[in-house]
Asks: 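Handing you this structure, nothing more for now.
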Protein chains: 2
Amino acid sequence: MSKCGQCIIKSFNAFHTLTIDELDTISDHKTSLTIKKGENLMTEGHAINGLYCIKQGKCKLTKLNTNGKEQIIKFVKGGDILGHRSILSEEPVGLTVTALEEMKVCFIPKGDIMQTINQNTAFSLQLMKNISNQLNHANDSISQMAQKPVKDRLAETLLKLEEIFGLDKDGNIDIILTREEIANTIGTATESAIRLLSNFKKEKIISLQGKHIKLLDRSTLRNISEGY
Amino acid sequence: MSKCGQCIIKSFNAFHTLTIDELDTISDHKTSLTIKKGENLMTEGHAINGLYCIKQGKCKLTKLNTNGKEQIIKFVKGGDILGHRSILSEEPVGLTVTALEEMKVCFIPKGDIMQTINQNTAFSLQLMKNISNQLNHANDSISQMAQKPVKDRLAETLLKLEEIFGLDKDGNIDIILTREEIANTIGTATESAIRLLSNFKKEKIISLQGKHIKLLDRSTLRNISEGY
DNA sequence: AAAAAGAAATGACATTTATCATTTGTTAGA
DNA sequence: TCTAACAAATGATAAATGTCATTTCTTTTT
């Protein structure tokens, strides 16, 4: 199995603060796994005893509502860490993580993480920063969801998706989502999402080819997302 | 000025993990202040160089939307800590904190906090737990806001307000909010909030006397909040 | 205590969004 | 490659929510 010390991914997250020794220990204890498209890496309400470092692949973080609807809270890609919130707060996982394409991840047992937190302040601080940033973004989302109409939220989401996933070779947003998933991100009915996407297309703000979405007029999208 | 070692508030938050020495240092550097009703303890976008420990009083945490509307993200009362997210992530404050009644707070400089984080792992862990829990709740809110109708969100909010602030001597929820603030909490127009409150009253689920709200039928409220 | 300002309540109406039904298009398994 | 299953699109309509105008009530100021 490959060594954490050599893994480029660590440079994107809190693991870059670890010493060579700490990385070695984690290397010895980690397990690498492959998650196929559609499979869950973790499930809301279940306990986990470690965290996941995503080497490759994209996933969605969702929450099941009391009415049975799925709400997509966040999209995550390679370089990110998942599960630290749960092991830090000592609570079950709050979100279901589902692979949107094949993923390569490393599982690192809770014991090693807690030991590292105890002996490496820089690592702790990085984790805190990470969660703090997430909290900040979450608060933004609350405000958006509560106060912006669906159209504005769709514009916002399209911009954010491009920011997270970048572009494929044809200039489309480099993520394949169903219309239902888009609807579940902005919190609306699938039909409403479809209609608004069609409108954006008609107004030449975006182009649609099947599930491929290309942003054509970002400044208009930005205006819409801010209510103009 | 009073000593932190004697302060009962510390037992409600991360400060209970501090040693006597650490508490003494903080005692020496802290400043106590009084915030009058309506005044801001911190303002969205501004930098702070320390954190606040709330000894007494209630406040709202809000975010100003691009459309100029205020979104209430959270209510906080004595015992809580504010501002740690900002000093940990080294970013400006993300939320405006406004006193809903006179508040007594202690300000503790960033330097002392960072030093304590570096030398006291238990304190770090408590802070992480705290932020992790907040993140978890924030994710819940996103889902609620995105998918539940206004009526359900109002029911939810009333239950949550009672949980946070408890009851006054007459059995009312022990917090005075304007209808506008209630509307800004659930993310709706003031008129809509008023109408729905009136409906709840008509259906004898709550009683209203001016700004005093009493919950009469909690199980119905719980059902409504879950979409039944 | 009266006047002014602000908050709450309510009606009428417009707009947004959801739901249901149906058609068309696409994907993947037999 | 065909066809069953699923996804997307669209229309018609209902329901939810927002906006504006007005009245009533409450609080604050003079």
Side-chain angles (χ1 to χ4, degrees), chain A residues 36-38 60 65 67-72 100-101 144-158 172 175-203 206-213 224-225 227-228, chain B residues 36-38 60 65 67-72 100-101 144-158 172 175-203 206-213 224-225 227-228:
Chain A
K36 292 205 203 85
K37 179 176 172 174
K60 60 177 177 181
N65 237 335
N67 54 26
K69 276 191 219 158
E70 164 190 285
Q71 177 63 36
I72 298 183
L100 293 168
E101 55 184 43
Q144 308 271 344
M145 289 295 187
Q147 304 216 326
K148 285 188 181 174
V150 176
K151 186 182 173 187
D152 304 24
R153 280 161 21 210
L154 176 59
E156 169 93 22
T157 295
L158 292 173
N172 301 306
I175 180 74
I176 298 295
L177 297 172
T178 64
R179 298 293 191 259
E180 191 182 3
E181 285 172 323
I182 294 175
N184 290 347
T185 307
I186 64 183
T188 191
T190 306
E191 296 94 324
S192 299
I194 289 173
R195 267 182 254 269
L196 289 167
L197 281 170
S198 300
N199 289 348
F200 282 174
K201 182 185 178 176
K202 228 172 277 167
E203 293 163 30
I206 63 173
S207 84
L208 295 173
Q209 289 182 88
K211 295 197 176 66
H212 296 283
I213 301 174
I224 292 171
S225 84
Y228 303 114
Chain B
K36 292 206 202 84
K37 179 176 173 175
K60 61 177 177 180
N65 237 334
N67 53 28
K69 277 191 219 159
E70 165 189 285
Q71 176 63 37
I72 298 183
L100 293 168
E101 56 183 44
Q144 308 271 342
M145 289 296 186
Q147 304 217 323
K148 283 188 182 173
V150 175
K151 185 181 173 187
D152 304 24
R153 280 160 25 209
L154 175 60
E156 169 93 23
T157 295
L158 292 174
N172 301 307
I175 180 74
I176 299 294
L177 297 172
T178 64
R179 299 292 191 260
E180 192 182 2
E181 285 172 323
I182 294 175
N184 291 347
T185 307
I186 64 183
T188 191
T190 307
E191 295 94 324
S192 299
I194 290 173
R195 265 182 255 269
L196 288 167
L197 281 169
S198 300
N199 289 348
F200 283 174
K201 183 185 180 177
K202 229 172 278 166
E203 293 163 30
I206 63 173
S207 84
L208 294 174
Q209 288 181 87
K211 296 197 175 67
H212 296 282
I213 301 174
I224 293 171
S225 85
Y228 302 114

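The structure presented is a predicted model; accordingly, all values stated were derived computationally and were not measured.
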Asks: Quickly work out the A:Lys211 NZ to C:dT27 P distance and round it to whole Å.
Replies: 6 Å
Asks: Tell me, yes or no, whether the heavy-atom count around A:Glu101 atom CD, taken from other residues, nucleotides or ligands under 6.0 Å, exceeds 12.
Replies: yes
Asks: Rounding to an integer number of Å, can you tell me how far A:Glu180 CD sits from C:dA18 C1'?
Replies: 15 Å
Asks: Measure from CD1 on B:Ile194 to P on D:dT19 and round the result to the nearest Å.
Replies: 14 Å
Asks: Salt bridge or not for A:Lys60 and A:Glu70, using N-O below 4.0 Å?
Replies: yes
Asks: Atom CD of B:Glu191 to atom P of D:dC20: distance rounded to whole Å?
Replies: 9 Å
Asks: Just how far, in rounded Å, is C1' of C:dA9 from NZ of B:Lys201?
Replies: 10 Å
Asks: OP1 or OP2 of D:dG18 less than 4.0 angstrom from a side-chain nitrogen or oxygen of B:Ser192, does that happen here?
Replies: yes
Asks: Can you identify which nucleotide, out of D:dG18, C:dA7, D:dA8, has its nearest atom closest to the A:Arg179 side chain?
Replies: D:dA8
Asks: Whether B:Thr190 contacts C:dA8 is assessed here as follows: a side-chain N or O lying under 4.0 Å from the phosphate OP1 or OP2. Is that the case?
Replies: no
Asks: In whole angstroms, how far is the C1' atom of C:dT17 from the CZ atom of B:Arg153?
Replies: 13 Å
Asks: Might you point out which heavy atoms bring B:Lys211 and B:Arg179 nearest each other, and give the distance in Å?
Replies: CA-NH1, 4.0 Å
Asks: Using only side-chain N and O atoms of A:Ser198, determine if any of them is under 4.0 Å from OP1 or OP2 of D:dT10.
Replies: yes
Asks: To the side chain of B:Thr188, which of C:dA8, C:dT19, D:dG18 is closest?
Replies: D:dG18
Asks: In whole Å, I'd like the distance from the NZ atom of B:Lys148 to the P atom of C:dA18.
Replies: 16 Å
Asks: Just how far, in rounded Å, is C1' of D:dT17 from CD of A:Gln147?
Replies: 14 Å
Asks: Run B:Asn65 and B:Gln71 through side-chain hydrogen bond (donor to acceptor under 3.5 Å, both in side chains) and show every step you take.
Replies: CA-CA 7 Å; B:Asn65 237 334; B:Gln71 176 63 37; 5.6 Å; no
Asks: With side chain to side chain contact (heavy atoms under 4.5 Å, CB included) as the test, would you mind laying out the steps for A:Ile72 and A:Ile182 before giving the verdict?
Replies: CA-CA 9 Å; A:Ile72 298 183; A:Ile182 294 175; over 6 Å; no
Asks: Would the base of C:dT19 count as contacting A:Arg195 through its side chain, where contact means a donor and an acceptor less than 3.5 Å apart?
Replies: yes
